[in-house]
Every structure is written in structure tokens, then in C-alpha cells.
Amino acid sequence: MAAMQLHWDIFCRVIDNYGDIGICWRLARQLASERGRRVRLWVDDLPSLQPLSPMINPARALQSAQGVEVRHWVSDISVEYSADVVIEAFACELPDSYLATMAKAERKPCWINLEYLTAESWASDCHGIASPHPALPLTKYFFFPGFAANTGGLLREKSLLETRSRYQELLPAREHLEISLFCYDTAPVGGLLAALAKMEQASVVHVPPGKPLAAIRQHLPGTGPWRHGNAKIEPIPFLPLDKYDHLLWRSDINFVRGEDSFVRAQWAAKPFVWQIYPQDEDAHLIKLSAFLDRYCATMDSTSAQATAAMFTAWNGGEPDLATALLHFVENRQAIAEANRTWCRDLASRDDLVTALINFCASKV
Ligand code: TRH
């Protein structure tokens, strides 16, 4: 049996928002806490990690948190050794000095480019492809998270679903709808507010700071909380990563965005609406429809139509948002049931950490 690949280095460059660091932090701490790996997380922007993990001190270039060694990644770094596995998150480009250390290692590291999540079918074809370095004796492998069996899977902690189920069993019954709203400031929030204000069922909308709150404030005066017809709109603080899961678990409908909150909403097994990260030339719309094709295929036709219409309207597409929301809310019990099945199906596959460990062990 091959020796365990003990040392892992994860490199993360924060482009914008919280997705890049959210995913890298989640991966790092799971490798450390569940798999006993010695993980160094190199991040170029420590202040972005701090809201997700308040124990992080953004002023400290070297610190340890939840079993992970967190290092500030400055332009060039000097290391005594390269790790057994090196994760270059989202093509962030490893420093030349580190590449040179990798090239000199007696046993070459398993070098992974961790890609963004997509439901498109080409992700299965490209998952695991090798790319030899043009000049150095090193090979990089493309690792694609995904929904299909022949991809790298999704990040899922070992006891996540049991913990979530226990939490949800204790939730009190209530008359009104609890909604969490995590979106970009381009989301059609005005339409959402107007529809919720008029809806027969009362709602409470929890809005984190940053782009979601900015989007709300384009439509409502002052700093909130607001009463808007039959809806109450409540600003909330940015929650640490695990507390954010709790918000998703206890809400009836979760508006999520990007990548990591989108995945967490699926593990929450509650109806959710996804705002996809916008890309040039509307490339994201292909990604959105690839996901809808897979996801809605598991639903009855009414739920599938309601879900597709709601996702499309929320991402700036044709259907009228108020009508889409109404259908979505009307069908939410059936959509919730479909989500529970979807979640169970996804969880029957290897999680991303298991897939990654197995993949890297096979490359020794
Ligand atoms: O912040 P995002 O829009 O990140 C995006 C995407 O990852 C996108 O693919 C990438 O290209 C771009 O960043 C650069 O959305 P995402 O992916 O959901 O990340 C948000 C993270 O913030 C996620 O890990 C959950 C976390 N979070 C909290 O921990 N607490 C909170 O209160 C909230 C609202 C989020």
C-alpha cells in the first residue's frame, strides 16, 4: 500500500467575494480534522477569511486554526519543503520559488488544479486530465468537483447530514416563511420585495451585509429592519461558516449564490434559489441551464417547472418574478421533498475530500 500523503499545501488567491476562500478553508479543515492531514493553507487575503472563521487574526502571517496552519501568501514565498499534495485552487498559479522546490523533491508531489464547480457534462470528460509542465519534471492534474459519478464530487463533512437532520428535527412549526437572502447586488430584489409584500403568507427575510443588503437598500430607505407589506426584512451579521449552515437549515427558502453557499443549500435539503456568479458573454447561463437540467430531472413536472422558472427569473431571465415566486412558494412542499431525495442521491457518492485523497494516492 502507498504511504499516506501526509503533507498538503493549498494555495488560494481571493478574486472577489467569499467563494474561493470559503471552499479552500472548508477543504483544509476537513483534511486536517477528519483525515489527520498536515495542511498549510496559503491565502493572499487574510481579511477575507476572518468573517468565515472569526478566530483568524488577519494581521498574523502565520497562525494555526482548527488544525490548519494558515499562512499569508505574499508575492514570493520561501519553503524548506514542498508538500506531498499541492492544491492550486482555481488556477491561482503557484509561486515560481515553490514550483522550483517541487521540481527538486525526490518524490514529486501530486499537483492538483482544483476547478470551479459546474454541472456541464464536459466536467466528467476533463476530470483527472494530466498536464505535464513544459519545462519542469512535474505534472498537474485537473480536478473537477461535480454532480455526476465520474467527477470529483462535492465537499461534504463526515457527519454533516446527521447533524443537519438532528437540528431540523427540533425546529418549531410556524405559520410564516423564513427566508435567507444571499445574492449579488444585480439580483432582481425589487421584484422579490414587491412579491413578498403582497403574498398572503407572511415572511421574514434575513439579509447578510455586503451585496445582499446593498441590493435591498436600493429599494428600501434607511438601515432597516423594515416592514414591507406582509414581509419583514431583517439585516443580520455575516455569520461564521458553520453558523451560516444553521441559517440554511432552519430557513424555508434559501437564496444562495456562487458556489459554496449553493452547495450548502443542497445539503440543507430545503427549497433554494441560486444566483449564479456572472461571467463574460453570459457563459454562466449555460452553466445554470446544465444544473437545472440535472436537478429538475429528479422532480415531478410541476415542481420542475416552478423551480426552473424561479431560477431563470432570479438570474434576470424572461418569466415574471412575482408569478415565478408564487408558483415556487405554492409548490414548496413538493420541491422540499425533491430536495431531500436530491440531497440523499448526492450524498451516496464519495465526497470531494475522499475523491481527492483516492485520486492523489493513485498518482503516486
Ligand atoms: O461569495 P460568493 O459569491 O463566491 C463566488 C463564487 O465562489 C464564484 O464561483 C467565484 O468565482 C467567486 O466567488 C470569486 O459565493 P459563495 O461561493 O457562496 O461563497 C460564499 C461563502 O461565504 C460561502 O463559503 C458561505 C460563506 N458565508 C458565511 O460563512 N457566512 C455568511 O453569513 C454568508 C452569507 C456566507
Side-chain angles (χ1 to χ4, degrees), residues 19 22-23 26 90 114-129 142-156 160-161 164 182-183 187 248 253-279 281-319 324-325 327-328 331-356 359:
I23 291 160
R26 198 180 283 295
F90 317 119
L114 177 64
E115 293 286 345
Y116 285 116
L117 173 64
T118 179
E120 291 161 282
S121 54
W122 59 258
S124 309
D125 305 332
C126 298
H127 177 56
I129 280 183
F142 292 92
F143 192 93
F144 279 84
F147 301 93
N150 42 356
T151 63
L154 300 171
L155 280 168
R156 170 171 45 87
L160 176 70
L161 298 192
R164 184 218 67 201
F182 186 43
C183 61
L248 298 174
I253 299 176
N254 292 304
F255 286 77
V256 288
R257 72 183 200 193
E259 180 165 327
D260 192 50
S261 58
F262 165 57
V263 172
R264 303 314 280 185
Q266 292 169 67
W267 297 137
K270 292 291 192 79
F272 68 94
V273 183
W274 179 35
Q275 187 182 17
I276 190 166
Y277 185 77
Q279 286 175 289
E281 292 166 16
D282 283 347
H284 59 286
L285 296 181
I286 298 171
K287 216 167 146 177
L288 175 67
S289 105
F291 176 72
L292 282 173
D293 286 349
R294 258 176 221 283
Y295 176 55
C296 294
T298 64
M299 297 179 177
D300 66 76
S301 64
T302 313
S303 302
Q305 271 166 21
T307 300
M310 185 61 210
F311 276 47
T312 309
W314 190 240
N315 284 281
E318 263 302 296
L325 182 72
H327 287 158
F328 190 77
N331 288 288
R332 83 182 173 81
Q333 301 302 352
I335 295 171
E337 187 52 48
N339 272 305
R340 286 192 282 275
T341 309
W342 172 254
C343 173
R344 268 198 304 275
D345 285 353
L346 290 179
S348 66
R349 305 196 186 120
D350 279 349
D351 68 285
L352 188 139
V353 161
T354 304
L356 194 52
F359 181 85

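We count residues from 1, following the sequence as given.
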Report task. For R344, enumerate each residue passing the salt bridge (Lys or Arg N to Asp or Glu O under 4.0 Å) test, keeping only those at least two apart in sequence or located in another chain. Result -> none

Report task. Check whether the ring centres of F328 and F272 lie less than 6.0 Å apart, and answer yes or no. Result -> no

Query raised in the report: Is it true that H127 and F142 have ring centroids separated by less than 6.0 Å?
Result: no

Report summary line: Separation between CZ (F144) and SG (C126), nearest 0.5 Å, reads 5.0 Å

Report summary line: Rounded to the nearest 0.5 Å, the CD1 atom of I129 sits from the CD atom of E115 at a distance of 10.5 Å

Nearest non-hydrogen partners of [X] and [Y], listed with the distance:
X: R257; Y: C183; answer: NH1-O, 3.0 Å
X: A269; Y: R164; answer: CB-NH1, 3.5 Å
X: R156; Y: D351; answer: NH2-N, 3.5 Å
X: A123; Y: T151; answer: C-CG2, 4.4 Å
X: A309; Y: P319; answer: O-CG, 3.7 Å

By side chain to side chain contact (heavy atoms under 4.5 Å, CB included), which residues pair with [X], not counting sequence neighbours?
X: I286; value: E120
X: D345; value: T341
X: H327; value: A306, T323, E330, N331

Query raised in the report: With a 4.5 Å limit on heavy-atom distance, are the side chains of F147 and L117 in contact?
Result: yes

Query - Validation row: L155, V263 side chains within 4.5 angstrom (heavy atoms) - result: no

Could you tell me which residues satisfy side-chain hydrogen bond (donor to acceptor under 3.5 Å, both in side chains) with [X], sequence neighbours excluded, listed by chain and number?
X: D350; result: none
X: E259; result: none
X: S121; result: none
X: E337; result: R340

Query raised in the report: Does N254 reach the main-chain N or O of L248 with its side chain, forming a donor-acceptor pair under 3.5 Å?
Result: yes

Query raised in the report: Can you tell me if R349 uses its side chain to pair, donor with acceptor, with the backbone of G153 under 3.5 Å?
Result: no

Pairs flagged by side-chain hydrogen bond (donor to acceptor under 3.5 Å, both in side chains) wherever [range] is involved - sequence neighbours left out:
range: residues 302-315; answer: D300-S303
range: residues 261-270; answer: E157-R264, D245-R264, Q266-W342
range: residues 284-298; answer: Y295-N339

Query - Qualifying residues under ring-ring contact (aromatic ring centres under 6.0 Å, His included), relative to F262, sequence neighbours excluded - result: W274, F291

